[in-house]
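Atom set for the values below is all heavy atoms of this structure, side chains included, hydrogens, waters and symmetry mates excluded. Proteins get letters first, then strands, A, B, ... in listed order; numbering begins at 1 in each.
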Amino acid sequence: MQEKVVTRFAPSPTGYLHVGGARTALFNWLWARRTGGTFILRIEDTDQKRNTPTAARQVMDDLRWLGIQWDEGPEAGGDNGPYLQSQRRDIYDKYIKELLDRRQAYYCFETAEELDVLRKQAEAQKQGFVYRRPAEFPGTEDAEKARAEGRPVTVRFAAPHEPVVVQDLVRGAITFAAGEIGDFIIQKSDGFPTYNFACVVDDRLMNVTHIIRGQEHLNNTPGQQALWQALFPDAPLPKYAHMSVTVSDTGGKLSKRERPKTLRTAIKASQEIDLDRVAEAGDITRGELDSFIKGKTTPDMPIVDAMAQYLGVALPEINIVDFFKSGYLPEAMVNFLALLGWNPGDNREIMVLDELIEAFDLGRLTKANSLFDRQKLLAFNTEHARLVPGESLLRHFKSYLEEVESPVAVADDQLLSRIVKLCEGARTLADIERKCRFLFLDNDDIEYDRKAVRKVLFKNDGLGVLAIVRDKLAAMNGLTEQAIENMLRSLAEEKQVGLGKVAQPLRVAVCGTTISLPIFDSVEMLGKENVLARIENTLREFGSHINGEQA
RNA sequence: GCCCCCUUCGUCUAGUGGCCUAGGAUAUCAGGUUCUCAUCCUGGAGACAGGGGUUCGACUCCCCUAGGGGGUACCA
């Protein structure tokens, strides 16, 4: 009988979930769903220095936003827990001891600096560095003694001296020559296991059948495979699938460092900014900011975000939550991510979750790295915004409004639903928000876009037209969308101009910009009183400038 | 330096030796629809990294070169 498929996503909780991690999670999840198997979330928090307390929580939120549910893991439970590696220390210790007893592992006491010297020597001789195994393995007493002397004590795996062949589902058989796998460390001097050890133990104990991960792990695989065989000689090896890597369209590897980098460049590029205010916006000291600008340190993401927002600098989206904040739909993200390094084999591209699950196949992963193309993501988002059911779009829009703290968030469902319908064809939720925001501002808070004012109000007698429109609106008693359209169209006809010539001045008067919902609906929703007040404000604000501008 | 992986339009990709006059999507360009922003419609241009083999025949198989990526940690 075919064994049940078990896959896992094993992030280290060092920050937000980024697109690369999300894609790995997605592929593992899709394969589990496709085969009716189990998808596990395991948190690899074995590095005391790098873990941040909120990261695991954030990663889980982001996975949920994408619609990726784990069957076993934190908050979901399961028979093979705990799912935090920091809580599995006794398990790892037991296997380390086993290996030590069987002389398949041994203690060593070099400091990091000493190892560094050895590495440099190897490179100078144009050799790859391999740790030289001692003829005699130190005993437990030696370890105790070294510890007492203050030397670091680590444990290394005595890797077999033979070629290792990794069977990869994407790349076929990959041979590593004998001696290529060094005796890597499996237990650090702080007593925690290393990644290469913990993941092997856990994959076995959690019955993982398929390891789907980025190709940056390909070189770890022979070591892990050898370790598996030493630890669990009777268990069949898991199947490996090493996916291509996703690289950035802004050049180089797609990395979370891109955001701080973009911010730093922006700060350096602009001369006249008040650095003290910038530091204040990020709630850091001036010294910390200077250190960041010099490239010495990198503040946490929320600080970077806050400073970027203060400066009005758009940072490239890297983390899943960035895309949420930019108004992308999870349906589009998942669809787009799935197509980075995989395709269904026919010409389909726009697919919903069920279609992805039905079509997904590990045999169709592509080998070459792919570039993360935001333009294409945008096209996917536009497509999905049209495709998702109305209620879903409304739900997405509401959580987006909350996330970005938009003034639009106060609107009720009925109003929002009408707005969303009027925005068919919008590319992102941010576009929808931008088009309807003016409805939720006070009449006196409208900010006028300078270009719009110049182009629409100061040219073609825009202000004059606006005054006529005001009078016509004032004379109407029912301000329905239809009545407004009729009025504007007949005015345009009367004046022998296009509808735009009469509609645009009105739009700028009520919105401050040339971008909004359809103008007829806008006026109806705002109501006569507000519209007239805004027109008056506009005429008052710009009426006196008219001669100066035309001169 | 050493090890591993990869290479089709700008980008994501289809292609498993003859179906390829290399298909789709996106981006781009031209035109059209439209009250703004978008959307939408029609059409165009655009790729097998280079060199050797193997074969009647190579985008497809092999070798070399070049280029790209990854690893080389008491990170994962």
Worksheet entry | Nucleotide nearest A/Q375 (side chain, heavy atoms from C-beta), chosen from B/U13, B/A27, B/G10 | B/A27
Worksheet item: Does A/N335 use its side chain to pair, donor to acceptor, with the backbone of A/V352 at less than 3.5 Å?
Response: no
Worksheet item: Counting side-chain heavy atoms from CB outward, which of B/C6, B/A25, B/A76 is closest to A/E44?
Response: B/A76
Discussion item. Using the salt bridge (charged side-chain N to carboxylate O under 4.0 Å, His left out) criterion, which residues pair with A/D183? Sequence neighbours excluded.
Written reply: A/R133
Worksheet item: On RNA chain B, nearest-nucleotide positions of A/L377 versus A/N369: which is more 5'?
Response: A/L377
Worksheet, complete the sentence: Note: A/Y195 and A/N220 closest approach over all heavy atoms is CE2-ND2, 3.8 Å
Worksheet item: Is the Lys NZ or Arg CZ of A/R450 less than 6.0 Å from the centre of A/Y448's six-membered ring, within 45° of the axis?
Response: no
Worksheet item: Do A/Y106 and A/V155 touch side chain to side chain, with heavy atoms closer than 4.5 Å?
Response: no
Discussion item. By nearest atom, which of the nucleotides B/C35, B/C74, B/U7 is closest to the A/A368 side chain?
Written reply: B/U7
Discussion item. Among B/G23, B/U36, B/C40, which nucleotide has an atom closest to any side-chain atom of A/T514?
Written reply: B/U36
Worksheet item: Across the strands shown, which category fits A/R50 at heavy-atom distances under 4.0 angstrom: base, sugar-phosphate, nothing?
Response: base
Fill in: Distance in angstrom units between A/L488 CG and B/U36 P, rounded
13 Å
Discussion item. Side chain of A/A379, heavy atoms from C-beta onward: which of B/G70, B/G1, B/A27 has the nearest atom to it?
Written reply: B/A27
Item to complete: Measure the distance from CG on A/L218 to P on B/G70 and round it to the nearest whole Å.
Response: 14 Å
Worksheet item: So do the side chains of A/T513 and A/V508 get within less than 4.5 Å of each other, counting heavy atoms only?
Response: no
Worksheet item: So what does A/E424 hit on the nucleic acid, given a heavy-atom distance under 4.0 Å: a base, only sugar-phosphate, or nothing?
Response: base
Practice prompt. Assign A/R213 to base, sugar-phosphate, or nothing according to its heavy-atom contacts below 4.0 angstrom with the strands shown.
Written response: nothing
Response to the item:
The salt bridge (charged side-chain N to carboxylate O under 4.0 Å, His left out) partners of A/E383 (sequence neighbours excluded) come to none
Discussion item. Please list, in numerical order, the residues of residues 172-185 of chain A that have a heavy atom closer than 4.0 Å to any atom of RNA chain B.
Written reply: A/I174, A/F176, A/E180, A/I185
Discussion item. Taking 4.0 Å as the cut-off, does a side-chain nitrogen or oxygen of A/R386 come that near to OP1 or OP2 on B/U39?
Written reply: no
Response to the item:
Out of B/U11, B/C35, B/C75, minimum distance to the side chain of A/I519 belongs to B/C35
Practice prompt. May I ask you to say what A/K126 touches in the nucleic acid, namely base, sugar-phosphate or nothing, with a heavy-atom cut-off under 4.0 Å?
Written response: sugar-phosphate
Item to complete: Find the distance between CZ (A/F336) and CZ (A/R374) and round it off to the nearest 0.5 Å.
Response: 9.0 Å
Discussion item. Can you list, in residue-number order, the parts of residues 150-165 of chain A that come under 4.0 Å of RNA chain B, counting heavy atoms only?
Written reply: A/P152, A/T154
Fill in: Rounded interatomic separation in angstrom, taking CG from A/L422 and C1' from B/U36
13 Å
Response to the item:
Separation of B/U26 atom P from A/H384 atom NE2, nearest Å, is 12 Å
Listing, residues 491-503 of chain A side-chain donor-acceptor contacts under 3.5 Å, not counting sequence neighbours, or none:
none

Worksheet item: For A/D47, which contact category applies under a 4.0 Å heavy-atom criterion: base, sugar-phosphate, or nothing?
Response: sugar-phosphate
Worksheet item: Between B/G71, B/C37, B/C12, which nucleotide gets closest to the side-chain atoms of A/L340?
Response: B/C12
Worksheet item: Which is true for A/E110 with a 4.0 Å heavy-atom rule: it touches a base, it touches only sugar-phosphate, or it touches nothing?
Response: base
Item to complete: Measure from the side-chain heavy atoms of A/E349 and tell me the nearest of B/G24, B/C75, B/C74.
Response: B/G24
Practice prompt. Measure from the side chain of A/R507, starting at C-beta and using heavy atoms only, and say which of B/C74, B/C37, B/C35 lies closest.
Written response: B/C35
Worksheet item: Any side-chain N or O of A/S370 under 4.0 Å from OP1/OP2 of B/U13?
Response: yes
Item to complete: Could you list all the side chain to side chain donor-acceptor pair (under 3.5 Å) pairs where at least one residue sits in residues 142-162 of chain A, not counting sequence neighbours?
Response: A/E114-A/R151
Discussion item. I need the minimum non-hydrogen distance between A/G345 and A/R364, along with the two atoms involved.
Written reply: CA-NH2, 3.0 Å
Worksheet item: If you find the nucleotide of RNA chain B closest to A/P518 and the one closest to A/L371, which residue's nucleotide is nearer the 5' end?
Response: A/L371
Worksheet item: Out of B/C3, B/A25, B/C74, which has the shortest distance to the side chain of A/N219?
Response: B/C3
